[in-house]
> 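Pasting in a structure now, in structure tokens, and then I'll have a few things to ask.
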Amino acid sequence: MIPFLDLKAVNKQYRDALIEAATRVIDSGWYITGSELETFEQNFAQYCGVKHCIGVANGLEALTLTLKAWMLLGKLQQGDEVIVPANTYIASILAISSNHLTPVLVEPDPVTYNLCPTNTQAAITDKTKAILPVHLYGQLADMTQIMEIAKQHDLLVLEDAAQAHGASIDGVRAGSLGDAAGFSFYPGKNLGALGDAGAVTTNDNELAETLRALRNYGSHEKYKNIFQGTNSRLDEIQAAMLSVKLDHLDDEIAQRRQIAKAYLEGINNPALTLPEAYGESHVWHLFVVRCEKRDKLQQYLADNGVQTLIHYPIAPHKQQAYAEWNDLSYPVTESIHQQVLSLPMSPVLDMSDVKKVIELCNAYQP
Ligand SMILES: *Cc1c(COP(=O)(O)O)cnc(C)c1O
């Protein structure tokens with residue numbers, strides 16, 4: 001079986017360094033908010049090209065706490081509208097609704113699957129206060145236009161960069177394109193911990209300071225609580241794992257790009273629509289093709305020893321969790337969810353396996 005993502009093989013590349021880092025933490029006797037976190041925060045901030053990185057427990061919390069911090073700072077209020085692509089992973093939307101803000105779902109660009117500037121512009125009302133673009137599958141949303149719209153209407157922009165560590169435009173990386181960004185270091189992400197972890201990046205000093213308190217019970221100083229915060233910290237051991245892996249992120253992105261290039265050049269079956277990518281803006285967290293008979297293609301590949309996944313099978317507005325939206329119609333989003341299929345993609349995928357996947361895709365008969 002050609003696996004979709006062999007995480008064991010990904011981490012095995014760095015086994016000795018990971019064990020050394022874990023040992024260092026174990027022997028230090030200091031397991032939460034210490035020097036490992038500080039080092040990783042500094043290095044990841046530098047990598048993204050921002051002043052601040054604030055480690056938190058996971059990607060969802062990175063987004064949720066940023067919006068919460070903006071509420072505490074008086075920049076957002078309950079009921080304010082936040083524009084978000086309708087086809088995103090549900091976390092982006094949960095971050096909005098859990099803060100009692102109102103998610104406004106908009107149809108994505110049907111080619112890039114990212115937030116469509118025209119639809120964004122059309123969705124703006126008096127209550128709109130923020131935009132939450134998602135760099136879906138690893139490709140940057142059209143941040144030039146989105147930031148322009150935000151400037152015109154005085155809106156905050158929170159990037160969901162959970163799938164796009166290292167994606168860049170004109171040398172400017174994800175995490176530094178909006179007012180703030182949320183990252184996930186879930187094990188399967190392009191920069192993955194060996195457990196849950198996440199971070200916020202920003203150039204805003206006040207936001208950074210608020211987040212540092214929020215993640216730690218609303219406290220800057222032990223036993224002195226200025227906010228009703230939460231416990232959302234990035235463990236020392238995960239920070240140490242992430243520091244090892246951050247050093248190899250660019251090499252891994254290069255591997256992903258090589259695989260994507262092979263797929264793009266090799267697959268020529270008209271039944272499959274290939275992704276369109278622009279320059280360095282794509283880091284290929286996922287290589288997503290579209291196919292009218294998606295389930296048939298997936299079954300065919302499985303029968304021939306290729307594991308694929310669907311990102312994602314059910315649109316957020318069709319989820320039971322958001323029953324109030326179930327009758328709404330988002331045709332672009334719905335067709336994406338019916339047709340997308342993610343081919344094997346990882347920095348350790350063998351080129352001979354890539355070749356096999358290409359041959360199988362080309363031999364597929366719809
Ligand atoms: C993974 C992901 C998240 C959430 O990250 P977790 O660390 O799993 O909480 C948020 N948004 C997107 C687009 C993601 O892919």
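Because only heavy atoms are used, hydrogens play no part in the values below, and waters and symmetry mates are left out as well, while side chains stay in. As the structure lists them, so they are numbered: ligands from 1, and atoms in each ligand from 1.
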> Taking 4.0 angstrom as the limit, do K68 and E61 come out as a salt bridge?
no

> If you measure from the Lys or Arg side-chain nitrogens to the Asp or Glu carboxylate oxygens, is any gap between K245 and E252 under 4.0 Å?
no

> I'd like to know if R256 and D250 make a salt bridge, using a cut-off of under 4.0 Å between side-chain N and carboxylate O.
no

> Would you call R215-E209 a salt bridge at under 4.0 Å N-O?
no

> Distances under 3.5 Å, N/O of ligand 1 against N/O of the protein: list each pair and its distance.
from: ligand 1; atom 1: 5 (O); to: S184; atom 2: OG; distance (Å): 3.2
from: ligand 1; atom 1: 7 (O); to: G59; atom 2: N; distance (Å): 2.8
from: ligand 1; atom 1: 7 (O); to: S184; atom 2: OG; distance (Å): 2.6
from: ligand 1; atom 1: 9 (O); to: G59; atom 2: N; distance (Å): 3.3
from: ligand 1; atom 1: 9 (O); to: L60; atom 2: N; distance (Å): 2.9
from: ligand 1; atom 1: 11 (N); to: D160; atom 2: OD1; distance (Å): 3.3
from: ligand 1; atom 1: 11 (N); to: D160; atom 2: OD2; distance (Å): 2.7
from: ligand 1; atom 1: 15 (O); to: Q163; atom 2: NE2; distance (Å): 2.8
from: ligand 1; atom 1: 15 (O); to: K189; atom 2: NZ; distance (Å): 3.1

> Between K75 and D179 (salt bridge meaning N to carboxylate O under 4.0 Å), is one present in this structure?
no

> In terms of relative ring orientation, are Y330 and H317 parallel, tilted or perpendicular, with 30° and 60° separating the classes?
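Because their plane-to-plane angle is over 60°, the rings of Y330 and H317 count as perpendicular.
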
